[in-house]
Structures are given as structure tokens and as C-alpha cells.
Amino acid sequence: MKVLVVGGGGREHAIIRKLKETPKITELYAAPGNAGIGCDAACVPIKATDVETIAAWAAENRMDYVVVAPDDPLAMGLVDQLEEKGIPAFGPSKKAAIIEASKAFSKDLMKKYHIPTARYETFTDVEMAKAYLNACEIWPMVLKADGLALGKGVLICQNRAEALTAIEEMMVGGKFGASGNTVVIEEFLTGPEVSVLSFTDGETVVPMVSSMDHKRALDGDKGLNTGGMGTVAPNPYYTPEIAQRCMEEIFLPTVKAMKAEGRPFKGCLYFGLMLTPDGPKVIEYNCRFGDPETQVVLPLLETDLLTVMEAVTQGRLKEINVTFSPRHAACVVLASGGYPEHYEKGKPITGLVNGQLPGGGATVYHAGTALKDGALVTAGGRVLGVTATGDTLKAALDKAYETAGQISFEGLHKRADIGARALSAKS
Ligand code: AMP
Ligand code: GLY
């Protein structure tokens, strides 16, 4: 089979490394991929958001299957376009991708179908939003831009003054572009966060092993929100009892709700959950694999990934037995200094041969790398993700950090405390 993976980050590299284990795949392509992905697949220089060109390329080159990983091409309808050309693809249709692409949609869906989430109001008028904030008595409050904003459209405001400034910036100042024209204002929830990615074909939902992201840039969960600085799996807070409750109160009701709305969801549905004192609640849905969650979840998947993906596309997920290893995985992200704000690119990376650490017991997933005159250089905010597995979380973390320590580039920033909270939760 000829398979194309759309995207070019650490998540896509993890998907590609897993698909490489599939004997059925004879040719593996990535669009656009990156320097590290280029060691595992043939990179096609088309941007992931250039959906017409990708669909045309896939048809011309007779792809048998396409995996669409990032949110933008999903929201733009790439899966629909591929299907029109007779190419089966993994990922939701445009109609279903709205579950991530519009926070107002997802909040209304949860309200209508009684799926637990933070209480909220949606605003399209800045004066009404300000009046609402002026009347709020409990702080902090959370402001969310309606549309896709690279994970940066969420602001936690500690007090009224902060919130009034932020709402002005979002709704009038165009801080998040058109994404900020509609804003959701919601109550602030507390509790451990859990990411649960799931496979669903629109009927059956199969949760993957749980994970924990570390969204803030600095140790101790300080600094700005990022796309994610590291992950561990499984998440120790996610007990079998909580998993059962999430299945009954959140996962199945969500899949049923999407079907009832005429938007059946096929692909990877990501549940961002908070385990509040009142039970698990949805913080956000994503219509795709998480990044860097995928880098710890897929290494633990025992079932052939392409088999599961095809079952999702064909609506026969219930026939497949999906299993995960009982081991642990940890991913440490190596970022460019200054990320998620301004950072420099083009810094030479040392320590890697053919994209990997020679003899290393860990896998290096490339997020933002490029080749410059044949040398590997940094090309993004998140540069690499180093994933290791182990019989214990501690063993996985030690191995990931040991390997990460052997890689360097100017300005390299990594958190030193990935997994620390998960380790203390265990004891
Ligand atoms: P999101 O982009 O929706 O995942 O939000 C980014 C981060 O903001 C989440 O991972 C949470 O840590 C935090 N967050 C979002 N919504 C809430 C909320 N209602 N209460 C507390 N924290 C939140
Ligand atoms: N790591 C969170 C996300 O992929 O949105």
C-alpha cells in the first residue's frame, strides 16, 4: 500500500514511525514532513493547509490511504476532498472537525446533550461581553477565542481588570484574528488534567491509553502556554473507575451527539479532561491526535495502527481488538529558546545521526527540523521530542532525559520536571 501522512511535526513523525511497523505499507510519504521525518518517509513539499494540491497529488500518485493529522486541513475539508477522489482517509469530515474548530459549537453541543463541562456564555458583541464580566463575582474566569488559534486562544484572567483588557484585545484588537470575533467566557475549573485520545468510527469509541501534557513553558507549570513541553502515559490520575465514568458520561454521549447532529465523527477524537471535585469535565475537544500526546501513546499501541485506522474509516471498529502495552512512556520536548514567543531558527543540532541518537534506547521525534547544506538545523519552536518507554514511569523518564541530554543546539530549552507531578501522584 502507498500511504501519505499529512503534516510535519512531532505527532506526524510518531504516526509515521508506527506505520513503518506495518508490513502492508510499501511506500510511505509525508506532506510536508521535516528533516527527521525524511529519514523514515519520502517528503513531498506541499504545505498541510494547501488542501487542493494535496488531494490532487494523492490522486495523481495513487495513494491507497491518507492520514490527515493537523487540525487546519481537517477543518478545511481535506478528508472530504480525498473521499470525493475515491481515496480513503483517516480523520473527520469538515462537518465533524467543527468540534475543535468552533468552541461555541462544542460548548453548545455539551450543553444540549448534558455532557459535563465548565459553565459558560458565548459572546459576539464586545459590550455584552464586558457587561457580563463586570457582573462576575467569582474569579478567575476563562476567555476562549471561538476558532483555531494554535492552542493559544485561551486566557485565564485573574480579575476583572485583566479580563476587560483581554476581551478588548480579542474582540476589537484582533489578537487572534477572526477566531476572536466570537468569545466563550467560562468558569474556571480545578483538578488534574488528563488527555484521552480515542479512535471512533462514529458509533464505537475505543479510548487509547491516557496521558498527561505539560502545557506551560517553564518548570513548576510557570510561564506561557505552549503547544506542549512533554508528556507521560499512562496518566496516574486516570483510574479505572474514572475511565468507566468518562466512557459513560463523556465519550459515548459525545460520539452519539455528533451522530445525532448529522456530523458523525470518524478519526481520532481527543478529550481534554479535568478531574474536578464534581467529577470529570471536558475542557476541550480536539478533532485529531494530540501533540505531544501521540509521542507517548502510539509507542504503547500493540495493535497494528493501519488496521485500526482502516477499521475506523470503514465503520467497523467494533470488530477490532485494540490493545496497549502496560508499560510507561515519557516524552521530553526540546524547544528553541524564547518559544512560544520569539525564537531563532537555523541553529545546528548536534548528537544525531540520521535523525536518531546512535545506540540510544529512546526515539527522537522531529517537530521542527530542517537540513541546511546537509546539516540538521532547528526550524521551529518545538524542535524535537525524545520518547522512551520503561517498566515504570521513572525508568521511562530517566531514559528520556538521559537521551535528551546528549542532544544540543544553541538556545535549547527543555523543562526539567516532565512527569514530576505524575510520579508524586503515584506514591
Ligand atoms: P485549551 O486550549 O482549551 O486546552 O486550554 C488550554 C489550557 O487552559 C488547558 O489545558 C487548561 O489548563 C486551561 N483551561 C482551559 N479551560 C479551563 C477552565 N475552564 N478552567 C481551568 N483551566 C482551563
Ligand atoms: N497537546 C495538546 C494538543 O495537541 O492540542
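Each ligand, and each atom within it, is numbered from 1 in the order the structure gives. Keep in mind that the numbers below use all heavy atoms, side chains included, and drop hydrogens, waters and symmetry copies.
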Just which atoms of ligand 2 are under 4.0 Å from any heavy atom in [X]?
X	result
G290	4 (O)
N286	3 (C), 5 (O)
E293	1 (N), 2 (C), 4 (O)

### Task
State whether a side-chain donor-acceptor pair under 3.5 Å links S102 with D146.
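Judged by distance alone, the side chains do pair up.
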
#### Entry: S211 and E293: side chain donor to acceptor below 3.5 Å
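No pair is found: no donor N or O on one side chain lies under 3.5 Å from an acceptor on the other.
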
With a cut-off of 4.0 Å, which atoms of ligand 1 are near a heavy atom of [X]?
X	answer
E187	18 (C), 19 (N), 20 (N)
K215	4 (O), 10 (O)
V154	1 (P), 2 (O), 3 (O), 5 (O), 8 (O), 15 (C)
E186	16 (N), 17 (C), 18 (C), 19 (N)

### Ionic contact status for K144 with E186, cut-off 4.0 Å
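Salt bridge flag = yes for K144 with E186.
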
Looking at ligand 2, is there an atom of it that comes within less than 4.0 Å of some heavy atom belonging to [X]?
X	value
G272	no
R288	yes
Y270	yes

### N or O contact, D213 vs ligand 2, cut-off under 3.5 Å
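Between D213 and ligand 2 (N or O atoms, distance only) the closest approach is under 3.5 Å.
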
### Task
Return yes or no for this condition: an N or O of K215 is under 3.5 Å from an N or O of ligand 2.
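Min N/O separation from ligand 2 is not below 3.5 Å for K215.
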
### Message
Just to be sure I'm reading this right: ignoring hydrogens, which of N286, I283, N225 gets closest to atom 17 (C) of ligand 1? Compare them by their nearest heavy atoms.
### Response
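Comparing heavy atoms across N286, I283, N225, the nearest one to atom 17 (C) of ligand 1 lies in I283.
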
